[in-house]
*Asks:* 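Quick one: structure below, then a few questions.
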Protein chains: 2
Amino acid sequence: MGSLTEENYIKSIYSLSGETGEVSFTDLARKLEVKLPTVNSMVKKLAVKKMIVYAPYKGVKLTEKGKKEALSIIRKHRLAELFLVKVMGLGWEEVHDIAEQLEHVNSARFYDRMDELLNFPKADPHGEPIPDTDGKLPAKKRIALSEVAEGKTVKIIAVSVDEKPFLDLLNIKRIHIGDTITIQKREPFDGSLAILKSGHEIILSQQVTERLFVE
Amino acid sequence: MGSLTEENYIKSIYSLSGETGEVSFTDLARKLEVKLPTVNSMVKKLAVKKMIVYAPYKGVKLTEKGKKEALSIIRKHRLAELFLVKVMGLGWEEVHDIAEQLEHVNSARFYDRMDELLNFPKADPHGEPIPDTDGKLPAKKRIALSEVAEGKTVKIIAVSVDEKPFLDLLNIKRIHIGDTITIQKREPFDGSLAILKSGHEIILSQQVTERLFVE
DNA sequence: TTAAAATGTTAGATGAATCTAATAAAATAA
DNA sequence: TTATTTTATTAGATTCATCTAACATTTTAA
């Protein structure tokens, strides 16, 4: 395991990886809130440790070893979030920041015990899948709410960000994981949706519907 | 709050403080496993932050502010230990290292919730008192087992160190917080004690009896 | 009471993670 | 296709926590 900083780089690279797995230095710098040269030197260091592959002026990409490390951190983060909600009774909007700290705790016992107490859960409070000890991720097929056609009825299964402002908004709008909703109308001008949840109409902006996953 | 390193210095100074509150640089260096000049420069830094008072060639001493900080960290450590044992079902000998990490987690919510779930406990699994949010420590009068006269019957209420090798030994000897024992004989040569616990004789070396507190 | 030992201090170096300023390469637009 | 903009790199500085080596002070013991 690397330093706290290294762990954060690995995690950020993982979360920014799209189809190709390539991540740009600029995106990384923005995500980590550091300047470009900082990313540059750190990336070189991670390349020496075989966590990433990298060629000058090309993007950066996790190796298998790097991916495994990322998934181990994500596992700890998501277990911690679920534990904080289910066992400790905290709200889903307030657990992210605590989990950001707990994910760096080095103790297999601590996390295995959490896993046991939670009865080997498949997903965190935001619907995100929890990798197993070997870094395997339960597959999932999910669609953004923004992609669903008018008239359809769907179930909300996940959110794609777990930052407090977003979750606070969902709480206010009374949207939760597991809710079943019907798409009533899509406003062509701004892409906002009018949805129906147990008889009540709720208006959600496109920024919100892009971050809600349904099935 | 200071850096992780600063927190560790404060905590070590607190735990090394005896009657006078003065701590020598040499002791601090040994405890923190760093060299003397390192302690020297860190101590100067902590003095600027008014966490300690210090004059050249004299020992170092926590200010009221420093003591408060120390007690806040100790509160977190002890709550975490108790939580790991009571809620998460870990053994008292394995929780110290995890608590060393958890004590640096910055979240009042996390710790207040623990406190609540544990029903505002007074002591950790090793019998050490848990400071309250204001840094107040429940007073305690306790005697080392090594000081108790032959023939007396006493109750074990605390241990003075919570490192694994020591606790493993206690587990092997079947000594636990809350046990009632009778001092049968003190061996003059090495200070070891023969004690009686529910009919069984147990031999404890002086190194052990000095670290067991009774009432 | 002076010499030796223990303890504390200063100076200067190192590695980690960051920065700014200057420069180079690649991608995009005129 | 050349000029402009975006993206990445290099060089050199800074801060934190640490180190070693040399020196100073205080305590202890001969």
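Proteins come first, then strands; the chains are lettered A, B, ... in the order of their sequence lines, and each starts at number 1. All figures in this text were calculated on a predicted structure; none of them were measured in a lab.
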*Asks:* Nearest-Å distance, CE (B/Met42) to C1' (D/dC19)?
*Replies:* 15 Å

*Asks:* I'd like to know if A/Glu94 pairs up with B/Arg109 as an ion pair, taking the criterion as any Lys NZ or Arg NE/NH1/NH2 lying under 4.0 Å from an Asp or Glu carboxylate oxygen.
*Replies:*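 Looking at A/Glu94 and B/Arg109, the cut-off is met.
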
*Asks:* Please work out whether the ring planes of B/His176 and B/Trp92 are parallel, tilted or perpendicular, with thresholds of 30° and 60°.
*Replies:*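 Rings of B/His176 and B/Trp92: tilted, 30 to 60°.
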
*Asks:* Look at A/Lys164 together with A/Asp168 and state whether they make a salt bridge at an N to O cut-off of under 4.0 Å.
*Replies:*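 Counted as a salt bridge, because a side-chain N and a carboxylate O are separated by less than 4.0 Å.
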
*Asks:* Evaluate the side-chain proximity of B/Phe120 to B/Asp132: yes if any heavy-atom separation is below 4.5 Å, no if none is.
*Replies:*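 Not in contact.
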
*Asks:* Would you mind telling me which of D/dA8, D/dT20, C/dT18 lies closest to the side-chain atoms of A/Phe25?
*Replies:* D/dA8

*Asks:* As a test of reading the structure: which of C/dT20, D/dT9, D/dT7 is closest to the side chain of A/Thr26, going by heavy atoms?
*Replies:* D/dT7

*Asks:* Let me spell it out: for each of A/Pro56 and A/Ser3, pick the nucleotide of DNA chain C with the closest heavy atom. Which residue's pick is nearer the 5' end?
*Replies:*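 Result: A/Ser3.
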
*Asks:* From D/dT18, D/dT9, C/dG8, pick the nucleotide closest to the side chain of B/Val34?
*Replies:* D/dT18

*Asks:* What stems, by residue range, does DNA chain C take part in, given at least 3 consecutive Watson-Crick or G-U pairs under 3.5 Å?
*Replies:* C:1-30 with D:1-30

*Asks:* Just how far, in rounded Å, is P of C/dT18 from CG of A/Leu4?
*Replies:* 10 Å

*Asks:* Do B/Glu93 and B/Asn171 have side-chain atoms, one donor and one acceptor, less than 3.5 Å apart?
*Replies:* yes

*Asks:* Crowded around B/Lys173 NZ? As in, over 12 foreign heavy atoms under 6.0 Å?
*Replies:*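 Count over threshold, so yes.
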
*Asks:* Give the nucleotide from the list C/dG8, C/dT20, C/dT18 with an atom nearest to the side chain of A/Pro37.
*Replies:*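 For A/Pro37, the side-chain atoms sit closest to C/dT20.
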
*Asks:* Within this structure, what is the CZ-to-P distance between A/Arg30 and D/dT6, rounded to whole angstrom?
*Replies:*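 Nearest whole value for this atom pair: 13 Å.
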
*Asks:* Could you tell me the separation between the NZ atom of A/Lys58 and the P atom of C/dA25, rounded to a whole number of Å?
*Replies:*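 Taking NZ of A/Lys58 and P of C/dA25, I get 12 Å after rounding.
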
*Asks:* B/Thr38 near the nucleic acid: base, sugar-phosphate alone, or nothing, with a heavy-atom cut-off under 4.0 Å?
*Replies:* base

*Asks:* Nearest whole angstrom, please: distance from the P of D/dA8 to the CG of A/Leu28.
*Replies:* 10 Å

*Asks:* Return no unless some side-chain N or O of B/Lys44 is found under 4.0 Å from OP1 or OP2 of C/dT10.
*Replies:*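 Yes, such a contact exists.
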
*Asks:* Would you say the side chain of A/Glu215 lies within less than 4.5 Å of the side chain of A/Ile143, judging by non-hydrogen atoms?
*Replies:*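 Side chain of A/Ile143 against side chain of A/Glu215, heavy atoms only: no contact under 4.5 Å found.
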
*Asks:* Within less than 4.0 Å of OP1 or OP2 of C/dA16, is there a side-chain N or O belonging to A/Tyr9?
*Replies:* no

*Asks:* The side chain of B/Lys35 is closest to which nucleotide in this list: D/dA8, D/dC19, C/dC19?
*Replies:* D/dC19

*Asks:* Tell me what B/Ser41 touches on the nucleic acid: a base, only sugar-phosphate, or nothing, going by heavy atoms under 4.0 Å.
*Replies:*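 Base: the residue B/Ser41, judged by heavy atoms under 4.0 Å, touches a nucleobase.
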
*Asks:* Between C/dG8, D/dT9, D/dT18, which nucleotide has the shortest distance from any of its atoms to the side chain of B/Asn40?
*Replies:* C/dG8

*Asks:* B/Tyr57 side chain: which of D/dT18, C/dG8, C/dA21 is closest?
*Replies:* C/dG8

*Asks:* What integer distance in Å separates A/Leu46:CG from C/dA16:C1'?
*Replies:*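 Nearest whole value for this atom pair: 13 Å.
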
*Asks:* NZ of A/Lys65 to CD1 of A/Ile52: how many Å apart, nearest 0.5 Å?
*Replies:*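 So the NZ of A/Lys65 and the CD1 of A/Ile52 are separated by 11.5 Å.
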
